[in-house]
Each structure stands twice: as structure tokens, then as C-alpha cells.
Amino acid sequence: MRISTVTMYEQGVSAMNRQQADFTQVGQQIASGKSVVNPSDDPRAASRAVGVSQSLAVNEQQESSRTSARNSLGQEESVLNSVSDAIGSAKSMVVQAGNGTLSDADRESLASDLEGTYETLVGLGNTTDGNGTYLFSGYQDNAKAFSRTDAGDNVDTIGYEGDQGVKQQKIDSERSMKTSDTGSDVFMKFSSGSEYIAEAGEGNTGSMTFSGPDVRDATAGGYGDAYEIEFTENGAGDLEYTATNTNTGDSVTAEYTDGETIEFGGLAMTMEGEPADGDSLSVTQGGDMDEQQASLFKTIGDTINALRQPVETDADQAALDNTLSTASRKLDASLDNVLTTRASVGARMNELDALDDVGGNREIAYEQTRSDLVDLDYNSAISDYMLSQVGLQASQKSFADIQQMSLFQYLN
């Protein structure tokens, strides 16, 4: 077979180019540490690697979201801890104020101490994070959660100015988590299932005091409903009380006896002293109270105002005792609510830790998959590199030898 000189040159050049391309590709793989330098090297592996990289990026984003959520919850947990301490301090002062030997000056001193706790709670309610965002304002990041209204000689009235928006953050592919709680839920609400709380009517003028209500029979008809107890003079000089179920309208009327324990709706209350005609009591389950009734600020504010009133008559003492009795129960209910919220925050932080572990394991699996797809097997690559080098050198030597196979050399 005769082969033209042009053909031999073209084949030699082609062989050298092919060997040089193989040699260069293996060199690039070794330099980059990747078996797939360009998608054309292995389109299927490159495509899967892109998908795995995207999954890794999403996983990293979710990890970042969990860190942000943990920071928010950590700040809230710290504030709730301080709120719990403040409520405990307030409860201690309320109990101390119930000591019948205290003078007006002693109670004024307690009121001043309690006002300090009150201001502390207002400050905690308006806590901001490092970015100036209010923790308890719902979606109203830049608005104070609580504002005050001047109440004259009384303690300022505190109102909630945030909304009911609860911030949520996506912390995993199928899980979104609450990263905040509203100020109204923390400071102006009692947990469902809170015990009954009795309040004396604001216009009461008698010397009647109450203790309770205590639960006697939670299965009794009407248990769980709210009640209004009114005291009236029956026209014969005797006092009667009427306990009305405000949910159903049913009522019971009986003669009032000083020191008697009365029962209604599975509850029992003991009343002492002499109520005035028209005096009243409201009895409501804590969880059913509205924000105004359940407000922690109002509870403490009412107590401070009561402590600053001089006690000169039995009616004055009864008003103070009833206020302290109601405040004591409301503070207990507020503390239960804060502790419940704090437990919820702790549970959410525990869940974040668990999801971090899952995310870490997922990251390792993704990294392994991507490595299997595109990372280089150095043993194999170095072997290929040496082989390509030998092939390139052989093709170059072959081309050089072919160049020497010219008849003109023999003619010379």
C-alpha cells in the first residue's frame, strides 16, 4: 500500500494533537482535583453534581435560618426569665402588703418598690434586639410594643400597640417555626385552664371580704362559666346575695350570712364582713378573661394605687384586702402564662438543636455524593497522566521519524 507524504504528515499531526489533548485533560484534572472539569467530560455526572450543589446551598441556608431563629428565641427566653423574676418579686410584695400591722407609710414604701418592678416590666415589654427591632410588637418591628397613658395621680395605664402577627421562619424543608410571641400573649393573657379569679366591683362600699373561689366539683353543671354575685337589701333589713351564671342567665338567691361559705357552679367562696346594698363580685375563669382583665401591668398598677390609699375604715381595709387577694391570683396566673411561654420557647430551641443534627448529617451525605460524582481518583489520574505522557512522546517520536523518511535524504 502506498501512503502519500501528505497523509503521513496529517496522521502524525492528528495523533500528536489527540495525545496532547488527552495529556492536557488529565493534567487539568490533577490540577483541579476534579474528575469532571467541564460538563462535556461527563454530562450526567455534571448535571447531578449541580443538583447536589443546589441541595447543599439550600441546606446551608436552612442552617443560617436556624441560627437566626435561635438568636431570636434566645433573646426572648432571656427576657421571659427576667419577667418571671419580676412577677415573683411583685407577688412577694403583695403578700407582704397583706400584713395587717402595716401603716400607711409602710404601704407607701411597698408601693414605691412595686412601682420599680412595674417600670422594669414595661421596659422588658419594650425590649429590642441588636437591630432595634421590638421583640413583642408582632409585625410592627419599629413600633414600641407598649405605650403609656397618663392616668393622673394613679399609675400610668399601659396599652399594647403591636399587632397579633407572629413571626415565622422556615428552618427546614418541611418545617416553619414561630420565632416570636406577641406582647399581648405574654403580658396580657392567662393560660387556658387558669383557676377562677374573683374581683370586687369598683363601686363597692361595704366591708365584705372574700376568699376563694375554690373548686369543689369540676363536674358540676355550670362549672367553667362566669358568675356575677350581687348583694341587695331585701326590704326587711336583711341582705341577700344573688349568684347569676352570666353564660346561661340562671341565678340563685339566698340570705347572706357573715362568714358563710357559698357554693355555685362547682365553686365555693367564703365571705366575711358586711357588704353594702349594691356591692358585687365577678367570678371568671382566668383563661376567659380579656386583655384588660388579664393585663399584668393593670394588676400591678391597681395594686400600687390601692396601697397608696389611706386605710381609715373597715371599708377601706376590705377594698385593700380584696385588691390584694385578686392581685395575688392574677400574678400567679400571669407567672403560669409566662412560664408556659418560656417552656414553649425552650421546646422550640431544642427542636432547632435536633434539626441542626439532621442538617449536619444531610450535609455530610450531600458532600459524599458530590465527591463521588466529580472528585478525582488521584491513583487512577496519575496513572492516566503517565500513560498520556508516554503516548504523546511516542507520537512525537513517530512523527519525527516519519519526517526523516524522505528520498531526498538518500539523494543527498
Is it true that a side-chain atom of S194 and a backbone atom of S191 form a donor plus acceptor pair closer than 3.5 Å? yes
Regarding T182 and S184, do their side chains bring together a donor and an acceptor under 3.5 Å, going by distance alone? yes
For the pair S398 (side chain) and A394 (backbone), establish whether a donor and an acceptor sit closer than 3.5 Å, ignoring hydrogens and angles. no
Run T313 and D316 through side chain to side chain donor-acceptor pair (under 3.5 Å) and show every step you take. CA-CA 5 Å; T313 66; D316 294 338; 3.2 Å; yes
Measure the shortest side-chain to side-chain distance between Y223 and Q285 over non-hydrogen atoms and say whether it is less than 4.5 angstrom. yes
Any donor-acceptor N/O pair, K144 side chain to G125 backbone, under 3.5 Å: no
Can a donor-acceptor pair be found, under 3.5 Å and without considering hydrogens, that links the side chain of N305 to the backbone of V155? yes
Check whether any side-chain N or O of D279 sits under 3.5 Å from a backbone N or O of G206 as a donor-acceptor pair, and report yes or no. yes
With sequence neighbours left out, the residues meeting side chain to side chain contact (heavy atoms under 4.5 Å, CB included) with S82 are L124
Does A143 offer a backbone N or O that forms a donor-acceptor pair with the side chain of S137 under 3.5 Å? yes
Less than 4.5 Å apart, any side-chain heavy atom of I262 and any of M271? yes
For residues F210 and T326, determine if any side-chain heavy atom of one lies less than 4.5 Å from a side-chain heavy atom of the other. yes
Checking the side chain of S112 only, and the main-chain atoms of E108 only, is there a donor and an acceptor separated by less than 3.5 Å? yes
Does the side chain of L110 reach to within under 4.5 Å of the side chain of L102, using non-hydrogen atoms? yes
Within residues 12-24 or reaching into it, pairs that qualify as salt bridge (Lys or Arg N to Asp or Glu O under 4.0 Å) - sequence neighbours excluded: none
Donor + acceptor pair across side chains of N99, T101 (<3.5 Å): yes
Quick one: closest heavy-atom pair of E272 and D258, and the distance? CA-OD1, 3.2 Å
Distance check, rounded to the nearest 0.5 Å: Y241 atom OH versus E260 atom CD? 5.5 Å
Check whether the side chains of S68 and N71 place a donor and an acceptor atom closer than 3.5 Å, and report yes or no. no
How many angstroms lie between CE in M188 and CD in Q292, if you round to the nearest 0.5 Å? 6.5 Å
Tell me, please, which residues at least two apart from E263 pass side-chain hydrogen bond (donor to acceptor under 3.5 Å, both in side chains). R216
Do NZ/NE/NH1/NH2 and the carboxylate oxygens of D172 and R362 come within less than 4.0 Å? yes
Report yes if the side chains of T128 and T133 come closer than 4.5 Å at any heavy-atom pair, otherwise no. no
Walk me through whether L376 and K34 qualify under side chain to side chain contact (heavy atoms under 4.5 Å, CB included). CA-CA 5 Å; L376 186 66; K34 303 293 182 184; 5.7 Å; no
Could you please spell out the steps behind the side chain to side chain contact (heavy atoms under 4.5 Å, CB included) verdict for K330 and E199? CA-CA 10 Å; K330 284 189 172 182; E199 290 184 275; 2.9 Å; yes
Is there a side-chain contact between Q389 and M386, using heavy atoms and a 4.5 Å cut-off? yes
Residues which pass side-chain hydrogen bond (donor to acceptor under 3.5 Å, both in side chains) with R370, listed by chain and number, not counting sequence neighbours: S53, E367
Going by atom types alone, do N17 and S14 pair a side-chain donor with an acceptor below 3.5 Å? no
Applying side-chain hydrogen bond (donor to acceptor under 3.5 Å, both in side chains) to S147 and not counting sequence neighbours gives E161
With a 4.0 Å cut-off on N to O distance, would you call R308 and D153 a salt bridge? no
Find out whether E255 and L239 are in side-chain contact, i.e. whether some heavy atom of one side chain is under 4.5 Å from a heavy atom of the other. no
So which heavy atom on F136 is nearest to which on A145, and how close? O-CB, 3.6 Å
For Y378, the ring-ring contact (aromatic ring centres under 6.0 Å, His included) test, sequence neighbours excluded, returns none
Measure the OG1-CD1 distance between T117 and I304 for me, rounded to the nearest 0.5 Å. 8.0 Å
T303 side chain to T299 main-chain N or O, any donor-acceptor pair under 3.5 Å? yes
Supply the atom-to-atom distance N142 CG to Q140 CD, rounded to the nearest 0.5 angstrom. 9.0 Å
Identify, with sequence neighbours excluded, every residue that meets side chain to side chain contact (heavy atoms under 4.5 Å, CB included) alongside A69. Q169, I171, T179, L352
Donor-acceptor pair, distance only, cut-off 3.5 Å: does the side chain of S395 make one with the backbone of L392? yes
Looking at NZ of K170 and CZ of R66, how far apart are the two atoms once the value is rounded to the nearest 0.5 Å? 12.0 Å
Contacts of type ring-ring contact (aromatic ring centres under 6.0 Å, His included), residue Y134, not counting sequence neighbours: none
Working to the nearest 0.5 angstrom, can you tell me the gap between I300 CD1 and I87 CD1? 7.0 Å
To check you understand the geometry: which heavy-atom pair defines the closest contact between V37 and S32, and what is its length? CG2-OG, 3.6 Å
S173 side chain near Q62 side chain, heavy-atom distance below 4.5 Å: yes
Please list all pairs passing the ring-ring contact (aromatic ring centres under 6.0 Å, His included) test where one or both residues lie in residues 279-325, with sequence neighbours left out. F146-F297, F187-F297
Give a yes or no on whether the backbone of T219 and the side-chain of D217 come within a donor-acceptor separation of less than 3.5 Å. yes
Indicate yes or no: does K189 engage D181 in a salt bridge with an N to O separation below 4.0 Å. no
Under the rule for side-chain hydrogen bond (donor to acceptor under 3.5 Å, both in side chains), what residues qualify as partners of Q11, not counting sequence neighbours? none
What residues, two or more places apart in sequence or in another chain, satisfy side chain to side chain contact (heavy atoms under 4.5 Å, CB included) together with D214? R329
Would you check, one step at a time, whether the test salt bridge (charged side-chain N to carboxylate O under 4.0 Å, His left out) holds for R348 with E77? CA-CA 11 Å; R348 279 174 269 171; E77 201 276 340; over 6 Å; no
Those residues at least two apart in sequence (or on a different chain) that pass side chain to side chain contact (heavy atoms under 4.5 Å, CB included) with D372 are Q368
Let me see the working for D141 and K167 under salt bridge (charged side-chain N to carboxylate O under 4.0 Å, His left out), right down to the final yes or no. CA-CA 10 Å; D141 289 343; K167 297 170 188 169; 2.7 Å; yes
Only one of T244, T232, T242 forms a side-chain hydrogen bond (donor to acceptor under 3.5 Å, both in side chains) with T253, so which one is it? T242
